K.L.:
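Have a look at the structure that comes next, please.
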Amino acid sequence: MNLDSKIFVAGHRGLVGSAIERNLRARGFKNLLLRTRAELDLCSQTAVSEFFERERPEYVFIAAAKVGGIHANSTYPADFIRENLLIQTLIIDAAYRNGTKKVEMLGSSCIYPKLAPQPMKEEHLLTGTLEPTNEAYAIAKIAGIKMAQAYRAQYGFNAIALMPTNLYGPGDNFDLQNSHVLPALIRKFHDAKTSGAKSVTIWGTGTPCREFLYVDDLADAAVFLMLNYDGAEFVNVGVGHDITIRELAQMIGEVVGYRGELEFDTSRPDGAPRKLLDVSRLHALGWKAKTELREGIARTHEWYVANKT
Ligand SMILES: NC(=O)c1ccc[n+]([C@@H]2O[C@H](COP(=O)([O-])OP(=O)(O)OC[C@H]3O[C@@H](n4cnc5c(N)ncnc54)[C@H](OP(=O)(O)O)[C@@H]3O)[C@@H](O)[C@H]2O)c1
């Protein structure tokens with residue numbers, strides 16, 4: 001990939017896609033191909049194949065997807081499996097048919113079995129039953145990995161896949177109903193500070209451990225792998241260590257400047273005790289995350305304050 005290569009970032013207005021666009025521009029890539037959903041519906045075979053025939057992108061990042069939390073995943077499983085299968089299938093196939101040099105697809109750590117050993121290694125894929133609440137989404141993403149491997153095996157097509165851990169950062173979703181734990185806590189602590197609330201209530205016992213990767217680090221890894229990795233095996237992308245929800249809440253409280261109490265609502269579910277990715281493969285390839293969690297939270301909080309509506 002050189003600075004004039006024609007690069008399509010699918011989903012460039014999302015959390016991940018916008019960070020990949022920032023990273024590519026910062027590295028000097030000038031020839032970016034970007035389309036909103038209104039301009040190009042990635043679930044339409046006609047639209048996707050016409051776009052690829054006309055534009056013939058050389059490199060493609062698939063950061064477009066139907067994503068959501070437990071509630072959305074369990075309420076709309078048909079939408080999750082259909083839209084994710086369509087987006088990745090149509091893009092990978094059109095890219096192969098129109099001379100694209102390389103495609104990178106993004107999955108997620110929910111592809112691993114519910115009871116996978118910790119930390120989760122790439123070899124643990126398909127060794128056990130999935131978490132039922134997001135099975136439709138996980139099956140679609142596993143199909144994407146297998147499709148990339150099959151196109152490489154049968155056609156010699158250069159398609160790679162990476163599986164990021166929980167992400168957070170500027171552009172995140174701070175809606176209390178649908179957001180992930182880290183942006184939800186930033187918002188709760190910010191609101192509690194603003195309103196002078198005496199305590200903040202956190203769901204569950206606070207003991208589960210989770211891993212968090214700053215989205216600009218993920219984008220840097222995505223571009224690094226596009227430039228440096230041509231293997232059939234997918235690659236976990238994470239920081240390699242985790243933190244309890246209690247420690248996370250304390251850190252967010254400190255960053256936001258909230259001085260009240262933390263309360264834990266133990267009637268709420270905890271989810272899995274631990275979900276940590278093994279990142280040895282990524283480290284062996286020469287990439288490591290740079291942004292400390294406290295610094296990433298501070299930047300995300302700044303973004304929230306500047307952009308909240
Ligand atoms: N967020 C995380 O914590 C996380 C963690 C691990 C992996 N990932 C992976 O990263 C990828 C991107 O996630 P994200 O968090 O960036 O999601 P996001 O913020 O919801 O962005 C997804 C983007 O895809 C676009 N899109 C969806 N369906 C489309 C369609 N039919 N046609 C055109 N565009 C479409 C959306 O467009 P609109 O703006 O028009 O809706 C949006 O810009 C996913 O594969 C996800 O599995 C995310």
Side-chain angles (χ1 to χ4, degrees), residues 1-65 83-107 141 143-164 215-235 237 281-282 285-287:
M1 197 159 79
N2 62 52
L3 296 181
D4 295 319
S5 298
K6 199 171 197 183
I7 306 166
F8 175 39
V9 182
H12 74 287
R13 296 221 283 202
L15 174 68
V16 169
S18 59
I20 292 177
E21 182 191 348
R22 277 198 293 283
N23 189 283
L24 288 167
R25 292 203 191 280
R27 288 175 187 249
F29 291 97
K30 293 184 275 294
N31 196 1
L32 304 190
L33 199 50
L34 308 169
R35 293 290 183 277
T36 63
R37 185 198 290 252
E39 291 163 339
L40 173 61
D41 177 4
L42 295 167
C43 288
S44 158
Q45 182 163 20
T46 312
V48 172
S49 55
E50 280 174 9
F51 170 77
F52 272 82
E53 276 164 27
R54 191 173 58 248
E55 299 292 348
R56 303 183 71 84
E58 294 172 86
Y59 297 88
V60 176
F61 291 87
I62 310 180
E83 292 179 32
N84 286 307
L85 282 174
L86 278 172
I87 291 170
Q88 70 206 21
T89 303
L90 298 180
I91 294 181
I92 293 172
D93 188 63
Y96 159 65
R97 290 181 192 286
N98 290 285
T100 295
K101 292 178 181 152
K102 186 168 178 181
V103 168
E104 180 182 287
M105 75 147 281
L106 282 110
K141 291 295 185 183
I145 295 173
K146 294 294 171 189
M147 182 166 171
Q149 290 173 340
Y151 272 52
R152 175 182 297 279
Q154 188 175 337
Y155 304 133
F157 183 55
N158 197 357
I160 62 168
L162 54 99
M163 299 300 127
V215 72
D216 285 284
D217 280 5
L218 179 265
D220 194 62
V223 175
F224 171 86
L225 291 170
M226 185 63 109
L227 291 166
N228 297 295
Y229 180 68
D230 293 322
E233 300 304 328
F234 69 92
V235 182
V237 183
R281 183 173 287 168
L282 181 65
L285 289 166
W287 189 92

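Bear in mind that the values here come from a model prediction, so they are computed numbers and not experimental data. Numbers here simply count residues along the sequence, with the first being 1. When reading the values below, keep in mind they use all heavy atoms of this one structure, side chains included, and skip hydrogens, waters and symmetry mates.
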K.L.:
Which is it for K6 and R56 under the side-chain contact (heavy atoms from CB on, under 4.5 Å) test, yes or no, and what are the steps along the way?
P.N.:
CA-CA 8 Å; K6 199 171 197 183; R56 303 183 71 84; 5.8 Å; no
K.L.:
Whether the side chain of T100 engages the backbone of Y96 through a donor-acceptor N/O pair (distance < 3.5 Å, no angle test) should be reported.
P.N.:
no
K.L.:
What heavy-atom pair brings A159 and A148 nearest, and what distance separates the two atoms?
P.N.:
CB-CB, 3.7 Å
K.L.:
With a 4.5 Å cut-off on side-chain heavy atoms, are F224 and L285 touching?
P.N.:
yes
K.L.:
Testing the basics here: between A143 and L85, what is the closest heavy-atom pair and its distance to 0.1 Å?
P.N.:
CB-CD2, 3.7 Å
K.L.:
Is there side-chain contact between N2 and E58, with at least one heavy-atom pair below 4.5 Å?
P.N.:
no
K.L.:
Distance from H12 atom NE2 to F61 atom CZ, nearest 0.5 Å?
P.N.:
14.5 Å
K.L.:
Is there side-chain contact between L24 and V223, with heavy atoms separated by less than 4.5 Å?
P.N.:
yes
K.L.:
Taking all heavy atoms of V103 and all of A95, pick out the closest pair and write down the distance.
P.N.:
CG2-CB, 3.5 Å
K.L.:
So do the side chains of P57 and I7 get within less than 4.5 Å of each other, counting heavy atoms only?
P.N.:
no
K.L.:
Quick check for you: to the nearest 0.5 Å, what is the distance between L32 atom CG and R25 atom CZ?
P.N.:
4.5 Å
K.L.:
List the steps, then state whether side-chain contact (heavy atoms from CB on, under 4.5 Å) holds for R152 with N158.
P.N.:
CA-CA 6 Å; R152 175 182 297 279; N158 197 357; 2.8 Å; yes
K.L.:
Can you check whether E55 reaches R35 side chain to side chain, under 4.5 Å on heavy atoms?
P.N.:
yes
K.L.:
Parallel, tilted or perpendicular for F52 and F8, by the 30°/60° rule?
P.N.:
perpendicular
K.L.:
Is there side-chain contact between L33 and F51, with at least one heavy-atom pair below 4.5 Å?
P.N.:
yes
K.L.:
Between D230 and K101, is the closest basic N to carboxylate O distance under 4.0 Å?
P.N.:
no
K.L.:
Can you tell if the side chain of L225 reaches within under 4.5 Å of the side chain of L282, non-hydrogen atoms only?
P.N.:
yes
K.L.:
Can you tell if the side chain of V237 reaches within under 4.5 Å of the side chain of L106, non-hydrogen atoms only?
P.N.:
no
K.L.:
Nearest 0.5 Å please: distance from the CG atom of N98 over to the CD atom of E50.
P.N.:
11.5 Å
K.L.:
Begin from the C-alpha positions of R27 and N23 and carry the test side-chain contact (heavy atoms from CB on, under 4.5 Å) through to its verdict.
P.N.:
CA-CA 6 Å; R27 288 175 187 249; N23 189 283; 2.7 Å; yes
K.L.:
How long is the straight-line distance from CD of E83 back to CD1 of I87, given to the nearest 0.5 Å?
P.N.:
6.5 Å
K.L.:
Under the side-chain contact (heavy atoms from CB on, under 4.5 Å) rule, what do L86 and L42 come out as? Steps first, then yes or no, please.
P.N.:
CA-CA 8 Å; L86 278 172; L42 295 167; over 6 Å; no
K.L.:
First locate atom CD of E21, then atom CG of L34, and finally report the distance between them rounded to the nearest 0.5 Å.
P.N.:
5.0 Å
K.L.:
Please say whether more than 12 non-hydrogen atoms of neighbouring residues, nucleotides or ligands are located less than 6.0 Å from CD in E53.
P.N.:
yes
K.L.:
At their closest point, which heavy atom of G231 faces which heavy atom of I160, and how far apart are they?
P.N.:
O-CG2, 3.7 Å
K.L.:
Compare every heavy atom of L90 with every heavy atom of S44, then report the nearest pair and how far apart it is.
P.N.:
C-CD1, 3.7 Å
K.L.:
Does any donor atom in the side chain of N31 or D4 lie under 3.5 Å from an acceptor atom in the other side chain?
P.N.:
no
K.L.:
Looking at every heavy atom in both G144 and M105, which two are closest together, and how far apart are they?
P.N.:
C-SD, 3.3 Å
K.L.:
At what distance, to the nearest 0.5 angstrom, does CZ of F29 lie from CE of M226?
P.N.:
9.5 Å
